[in-house]
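Below is one structure, written out as structure tokens, with a few remarks after it.
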Amino acid sequence: MDKVYNHKEIEEKIYKSWEEKKYFQPEIHPHGKPYTIILPPPNANGDLHFGHAMFVIEDILIRYHRMLGDAALWLPGTDHAGTETQFVFEKRLQEIGKSRFDYSREELYKMIWEYVQENRGGIENQLRRLGFSLDWSREKFTLDPAVVELVKQTFRKMYDDGLVYRDYRLVNYCTKDGTSFSDLEVVHEERKDPLYYIKYGPLVLATTRPETKFGDTAVAVNPQDKRYQAFIGKEIEIETVLGKATITVVGDEYVDPEFGTGVVKITPAHDFNDFEVGKRHKLPMKQVIGFDGKMNEYAGRFAGLYVKQARKAVVEAMQEKGLIEKIDESYVHRVGICYKCKTVLEPLPLEQWYVKVKPLIENAEKAIDNGFVKIYPQNFVTTLKQWYAGLRDWNISRQNVWGIQIPIWYEVEDDSKFVVTFLDKQKQLQQGVLHEILQKGHTWDAIEKGLQRVVAMIDAKVVFGEQKEKGKHYLPETDTFDTWFSSGQWPFVTLKTTKLGDFEKFYPTSVMETGYDILRAWISRMLFLGLYVANGKHVTDDNFLKETVPFRDVILHGLVNDPYGKKMSKSKGNVVNPLQVADEYGADAVRFALVYGTGLGNDQAMSYGKLEAARKFGNKLWNMARFIEMKNAENNFVLKDRLALVELFNQEKNKADQAWINRVKDLTDEITKYLDNYQFNLAAERLYEFIWHEFADKYIEEVKSRIDPASLKNLNILFFVLLELLHPFMPFITEEIYHKLGNKDDLMIQSWPQAEK
RNA sequence: GGGCUCUUAGCUCAGUUGGUUAGAGCGUUGCAUUGACAUUGCAAAGGUCAGAAGUUCGAAUCUUCUAGGGCCCACCA
């Protein structure tokens, strides 16, 4: 054996051999108990980061259960990540001076598809590099045709069950990326903005958004507020920058008399609270900001200006007219921004598809309460249940091309109720009311071919593809599903589309393991969507519920931060590539360092000290093996029969060895218990401690003085047991050592050294 | 405003049913060794487990409060 363990030459070779021997497929244990983990699919648009290296926890579990003889399946996949990927791709287009609107939907989709395919290959190799024993023969992508078909079926089923509906309400809209977002995707940022006190006839009100005043359809005061009670229900005459106008005063509890002047302008089309107030008082909606982020014709001479420009211009005009009483320049509030491009999100009214969540989360909550799904660490149960309790209906429409198109058609009964955007024959972008577009001479065929976007009014007739009738015109829904709508069905759609019988055998999955940061976005959705697709809307039978959960245990790991404890992010430039570190320290060391010394669910700072310690541990192990190899050679000893630990225990009568056999047996029990309880850090720490400071420092030192064939046999076998226990954590080096000591078979498929008494 | 979480050795962190002298890695100090060990071994120093009160025979661990961090959610114009 070489004097020093050289991971570089060994790791790739060993992984290839495992893969070729199909060890990662559950079929190696055809009669084993199914044990399933679905890999959280990384986004197919970039590289793996250190968070992904935490999948080592899943590999430890899978390897452990494979060694136990289970039919262990770890199913890999990648996610198309609609908005994120399109964002990344559009940035590339921007670099070459193009935009998404220079291409038809099909062209754009195809280009992104090719880009993503390249990336997927890179991600797969990175996962291999870390030694992850994934069953590549079952790999899935969220846009595989069979997966897409199932996701669409789910939508159809939900439509028939009345669980999805279309509604016209305010959405969080990014005017730069041109799409809406769900509540969960909105990031709030603290901003200091001027608070303007504006004269509204006899009243004065405070607002940060004077430019939306063109969309005001009322003024509100608190009904208890004595100062303004006389105004409630009355119309007041106000002076505005566009001339005189009248506006109604309504009384609504939403108004806080303590804030500002206790008077609020109500702009139902551009503010979520105002929208609610508007609904309560049946106020009209007046949209004054377009989806391009510019003021529209209702803004009079301010039309065409971007919101920020309009605000400045309107304020100046108001000041000229003396309509501004004062400006509070130090007002601090929080605004919603786009999590990708940081643009301030505009609440805009739009027709969108929503999932009715209340009926769905009932079963999810029940599954948690009854322990059909367990969450580790447990404190995240509170987080999840609170999120469920306050959940509002889920906007699943995204105005992206990259994704699964919502499988809906709108019947064109009245062509004045559709707004279409399309590339005409000269590749020029056209937009307008369908009625006018047709009048201009554009043909149906041209519109359909170059179609970019369709906005159908809320009362448009909805049909599914097979319901289309000859002789009628239809336009498709151009929106795609929120990525989480498809990934939320991941355990179901993967196992349904891999190999025949997989779903029946491997569902419900055993463990779902992710970072706690996507508990809400993903785990919560997978739980309620998983239950729904697997068993429908109403379940009264608890046993049935228990058998249809998408996963039995949820394990949540913490985040891996940079060495200073700061979150890794591209913009900060402190991202460390796990593969680079694996090159330097070895994949085993990276794996071990990530598990060692961090309790489940806790964040950790990436530590070069720990990596170094893990590397040294590997080297120590290597040298223990060298010592044994040397002694074997000196004594012409060849291990003929590889006894199980239990057999060794029953055979060996040597007192000194017997004590160590006992200790290794106890250790086996201990590690088994730790793994069953998901206490990976304790298992790693105990193995480190025992192998180095007990077995090497004490046993090997002691046995040196009394080497004979019997003690050599024990030494060899006990060492193999330790290799097996360590194998799930450090698979490469343990495998290599096992071979170096003359074993022809693979540790990979050795059984776990159960130590029954 | 609501929730979660953390505060343990110089630094980074373990410590899950409360139970002997509270642990590791890195660092520090001393000694030994070139041996299976791009070293390693032996030993040492270093902690009133944030603070206070309570429960208990017994608390780093359970309860309450206080102080200070971190994260998440809700977002009053």
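What you see is a predicted model, and the numbers here were worked out from it, not measured in a lab. Sequence lines set the chain letters: A, B, ... in the order given, protein chains first and strands last, and positions in each chain run from 1.
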### Query
Mind checking the P distance from B:C26 to B:C42? Whole angstroms is fine.
13 Å

### Message
What is the separation between atom CD on A:Glu689 and atom C1' on B:G15, rounded to the nearest whole Å?
### Response
14 Å

#### Entry: Gap between atoms CD1 and C1', on A:Ile523 and B:C4 respectively (whole Å)
17 Å

### Message
Tell me the interatomic distance from A:Leu682, atom CG, to B:A14, atom P, rounded to whole angstroms.
### Response
11 Å

### Pair of N/O donor and acceptor under 3.5 Å linking B:A14 base with A:Gln679 side chain
no

### Summary
When rounded to whole Å, the CG to P distance for the pair A:Asp553 and B:U16 reads 20 Å

### Query
Regarding A:Lys704 and the six-membered ring of A:Phe627, is the cationic atom NZ or CZ under 6.0 Å from the ring centre and inside 45° of its axis?
yes

### Message
Using a strict threshold of under 4.0 Å (side-chain N to carboxylate O), is an ion pair present between A:Arg209 and A:Asp193?
### Response
no

### Query
Just how far, in rounded Å, is C1' of B:U5 from CG of A:Asn602?
8 Å

### Task
Identify the heavy atoms of A:Ile289 and A:Glu346 that sit nearest to each other, and give their distance.
CD1-OE2, 3.6 Å

### Message
Please pick, from B:A36, B:C75, B:U40, the nucleotide with the shortest atom-to-atom distance to any side-chain atom of A:Arg626.
### Response
B:A36

### Query
Is there a donor and acceptor pair closer than 3.5 Å between the side chain of A:Lys704 and the base of B:A36?
yes

